[in-house]
Protein chains: 2
Amino acid sequence: MAIALPRPETRFEALIDALREAILTGRFRPGERLLQDDLAAAFGVSRIPLREALRRLEGEGLVVISPNRGAVVRPLIPKDVVELYDVRLALETLALRRAAERYADVREATRGRHGEARRAIEAGALTTLFHLDRDYHAELAAASDNPHLVAALDGQWSQIMRLMHAYLRAGTYMPEVWDDHEAIATAVAHGDGAGAIARLERHLLLSRDRILDQLRAAG
Amino acid sequence: MAIALPRPETRFEALIDALREAILTGRFRPGERLLQDDLAAAFGVSRIPLREALRRLEGEGLVVISPNRGAVVRPLIPKDVVELYDVRLALETLALRRAAERYADVREATRGRHGEARRAIEAGALTTLFHLDRDYHAELAAASDNPHLVAALDGQWSQIMRLMHAYLRAGTYMPEVWDDHEAIATAVAHGDGAGAIARLERHLLLSRDRILDQLRAAG
DNA sequence: TAGGTGCGGATTGTATACAATGATGTCGCG
DNA sequence: CGCGACATCATTGTATACAATCCGCACCTA
C-alpha cells in the first residue's frame with residue numbers, strides 16, 4: 001500500500017508552482033515584466049533556481065524571455081480565446097472517447113466537487129471555483145488513461161486558467177456548469193462517448209463565449 | 001524589404017537546439033544519464049546555462065530530472081507509441097479541418113520536399129528523411145493558422161521523432177509516404193477537409209503500425 | 001527643434017566556488 | 001558468508017561575483 005510522504009515536493013518544485021500560480025491567477029499580470037532580482041528576493045532564493053523556473057514557464061508558454069531583456073508574462077490577446085478552446089475541444093473530445101470506452105467512472109468525485117463549488121460560489125471564491133473546474137476536467141482527462149493526452153491538456157489548461165482569471169468576474173460564473181459536469185461524467189460512466197462529447201461541446205462553447213462576451217464588454 | 005540577419009539565434013538557443021537534436025536523433029539514448037559537467041564541457045558552456053536548457057527539455061518531456069540525482073533522457077516504452085499517435089491524430093485532424101476551411105495551399109513546398117526525400121532515400125540519410133517528414137507536417141499544422149495548435153503538435157512531434165529514430169531503420173521507410181503527403185496537401189488546397197482527414201488517418205495508422213512492427217520484431 | 005551620439009545605471013548572462021545530497025565500496029560484526 | 005554502518009567520492013544545488021548588454025537621458029549638432 002502506498003503511503004503518502006509528508007512533503008514530496010522539493011524546493012524547486014515549490015518555487016515553480018508558486019510562480020506558475022501567480023501567473024495563472026493574474027497576480028502577475030499579462031505583459032508584466034518579471035525582474036529576476038525582485039522575484040528572487042520575493043521567493044527567498046537566488047537568481048539561479050529562479051532562472052531555471054522561468055525557463056520552464058517559458059516552455060509552458062506562460063512567459064516570454066527575450067535575450068538580455070528578461071522575462072515578461074506572456075500577453076493574452078482575444079485571438080487566444082478561440083484558438084485555445086479549439087485545441088482544448090479536440091483534446092478533451094479524444095479524452096472523453098477513450099474514457100467512455102473504458103466506462104471510467106468519476107461521478108463520485110464530480111458530485112463532491114459540485115458541493116464544494118456551491119460553497120465557493122456562495123463565498124465568492126472565484127479562484128477556488130476555477131481550481132475545482134480544472135480539477136474536474138483533469139480527472140476526466142486522466143480517465144482516458146493516456147498520460148501524453150493528460151500532459152497536452154494540462155498545457156492548454158494553464159492558458160485557459162489565465163483567460164478565466166483575466167476576463168471572468170464574480171456573477172458571470174454560472175452554477176449550471178456543474179450540471180454539465182455531472183451529465184458528462186454520467187454519460188462516460190455508461191460508455192456513451194457520443195453523448196458525453198455532444199454535451200462537452202456545448203459546455204465548452206458556452207464557456208468560451210462567456211469569456212468572449214466579457215472581453216468585448218470590457219473593451 | 002526584410003534583410004535576413006546572419007544569426008538570429010542566440011547562444012542559449014543554439015545550446016538547447018543542439019541538446020534537443022541529440023535526444024531526438026538518439027545520439028543520447030533513452031534512459032541515458034546526462035551528467036551536467038560532461039555536457040557543459042562538451043558544449044563549451046558552464047553548468048548554469050546547461051541546467052536551464054535541461055529544465056526546458058524537462059518541460060518538453062524529453063528528459064526527466066530527479067532532485068539531487070540529475071537528468072536522464074526520458075525512456076520510451078511501447079505504450080508511448082499508441083498514446084502519442086492517438087494525440088497526434090486528434091490534433092492534426094483539427095489542423096487539417098482548419099487549413100481546409102482556409103483553402104491553404106502547401107502543394108509547392110510539399111512537392112519540393114518530395115524531391116529532397118527521394119534523394120535522401122537514395123543516400124540512405126534517415127535523419128534527413130525524418131526532418132523532411134516533420135517539416136511537412138509542421139507546415140500543414142501552420143496552415144491551420146492556430147499558433148497554439150502548432151505548439152501542441154510540435155511537442156508531440158518531438159516524441160514522434162524519438163520513436164522514429166529509435167525504431168525505424170533504413171529499408172522500413174516507404175516512399176509511398178510522400179504520395180500521402182501530396183494527396184493530403186491537394187485535398188486541403190481544394191477545401192476538402194473530410195478527404196484530407198481520411199487520408200491522414202490511414203497515413204498515421206500505417207506509420208504507427210510500422211513502428212509497432214519494428215518494435216515487436218526487435219524485442 | 002529634431003535627430004543622433006555617448007555616457008551611466010540597471011539588468012541580464014555566465015563562470016567560479018562551495019555546500020548539500022546521494023551513490024559506492026569497504027570494513028567489521030553477527 | 002551476509003548484512004549493515006560508515007567513510008569517501010561523485011554529482012547536483014545554489015549563492016556570490018563579475019562581465020556583457022541594453023535602455024534612458026543628457027548633450028551636442030545641424
Side-chain angles (χ1 to χ4, degrees), chain A residues 3-23 27-75, chain B residues 3-23 27-75:
Chain A
I3 299 189
L5 294 174
R7 298 216 99 229
E9 213 175 6
T10 173
R11 196 143 88 102
F12 178 80
E13 279 177 77
L15 169 63
I16 201 170
D17 286 348
L19 260 173
R20 189 189 292 111
E21 188 70 8
I23 293 174
R27 162 85 183 70
F28 296 151
R29 304 235 280 285
E32 182 172 344
R33 209 171 151 199
L34 298 174
L35 295 182
Q36 298 177 1
D37 275 326
D38 294 357
L39 289 186
F43 289 105
V45 297
S46 88
R47 284 173 49 218
I48 304 295
L50 184 95
R51 285 175 58 90
E52 292 180 20
L54 286 176
R55 287 295 181 194
R56 267 283 293 275
L57 297 178
E58 183 189 27
E60 295 177 19
L62 296 180
V63 309
V64 178
I65 301 180
S66 311
N68 289 315
R69 310 240 248 103
V72 164
V73 178
R74 152 107 61 110
Chain B
I3 298 187
L5 294 173
R7 296 219 100 227
E9 212 175 8
T10 176
R11 196 145 85 102
F12 178 79
E13 279 176 77
L15 169 63
I16 202 170
D17 286 347
L19 259 173
R20 189 189 293 111
E21 189 70 8
I23 293 174
R27 162 83 184 70
F28 296 152
R29 303 238 279 285
E32 182 172 344
R33 209 173 152 198
L34 298 174
L35 295 182
Q36 300 179 358
D37 276 326
D38 294 357
L39 289 186
F43 288 104
V45 295
S46 86
R47 284 173 48 216
I48 305 294
L50 184 95
R51 285 174 59 89
E52 291 181 20
L54 286 177
R55 287 297 182 191
R56 268 283 292 275
L57 296 178
E58 183 190 28
E60 295 177 18
L62 296 179
V63 309
V64 178
I65 300 180
S66 311
N68 290 314
R69 307 239 250 105
V72 164
V73 178
R74 151 106 65 109

(request) Classify every nucleotide of nucleotides 20-25 of chain C by which part a protein heavy atom approaches to under 4.0 Å, writing B for the base, S for the sugar-phosphate alone and - for neither, in 5'-to-3' order. (result) -SSS--
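Annotation for A/Pro30 and A/Pro75: closest pair CB-CA, 4.0 Å, computed over non-hydrogen atoms. B/Val45 approaches B/Pro49 most closely through the heavy-atom pair CB-CG, 4.0 Å. In plain terms, the two heavy atoms of B/Ala71 and B/Leu54 that are nearest each other are CB-CD1, 4.1 Å. Closest non-hydrogen pair, A/Ala53 versus A/Leu15, comes out as CB-CD2, 4.1 Å.
Considering only residues two or more places apart in sequence or on other chains, A/Arg69 meets the side chain to side chain contact (heavy atoms under 4.5 Å, CB included) condition with A/Ser66. A search for side chain to side chain contact (heavy atoms under 4.5 Å, CB included) contacts involving A/Arg29 returns A/Glu32, not counting sequence neighbours. With sequence neighbours left out, the side chain to side chain contact (heavy atoms under 4.5 Å, CB included) criterion links A/Leu39 to A/Leu19, A/Phe28, A/Leu34, A/Phe43, A/Leu50. In this structure A/Asp37 satisfies the side-chain hydrogen bond (donor to acceptor under 3.5 Å, both in side chains) test with no other residue, sequence neighbours excluded. Judged as a side chain to side chain contact (heavy atoms under 4.5 Å, CB included), and not counting sequence neighbours, the contacts of A/Arg33 are A/Leu35, A/Val72.
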(request) Decide side chain to side chain contact (heavy atoms under 4.5 Å, CB included) for B/Val64 and B/Arg74; before the verdict, give the C-alpha distance in whole Å, the side-chain angles of both, and the deciding distance to 0.1 Å. (result) CA-CA 5 Å; B/Val64 178; B/Arg74 151 106 65 109; 3.9 Å; yes
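The list of salt bridge (Lys or Arg N to Asp or Glu O under 4.0 Å) pairs with a residue in residues 54-64 of chain B, not counting sequence neighbours, reads A/Glu52-B/Arg55, A/Arg56-B/Glu58, A/Glu58-B/Arg56, B/Arg20-B/Glu60, B/Arg55-B/Glu58, B/Arg56-B/Glu60.
Taking a 4.0 Å limit (strictly below) on heavy-atom distances, residues 45-60 of chain B reaches DNA chain D at B/Arg47, B/Ile48, B/Arg51. Listed by residue number, the members of residues 28-40 of chain B with any heavy atom below 4.0 angstrom from DNA chain C form an empty set.
Nucleotides of DNA chain D with any atom under 4.0 Å from a heavy atom of chain B span, from 5' to 3', D/dT11 to D/dA15.
The line from CD1 of B/Ile65 to CZ of B/Arg51 is 7.5 Å long, rounded to the nearest 0.5 Å.
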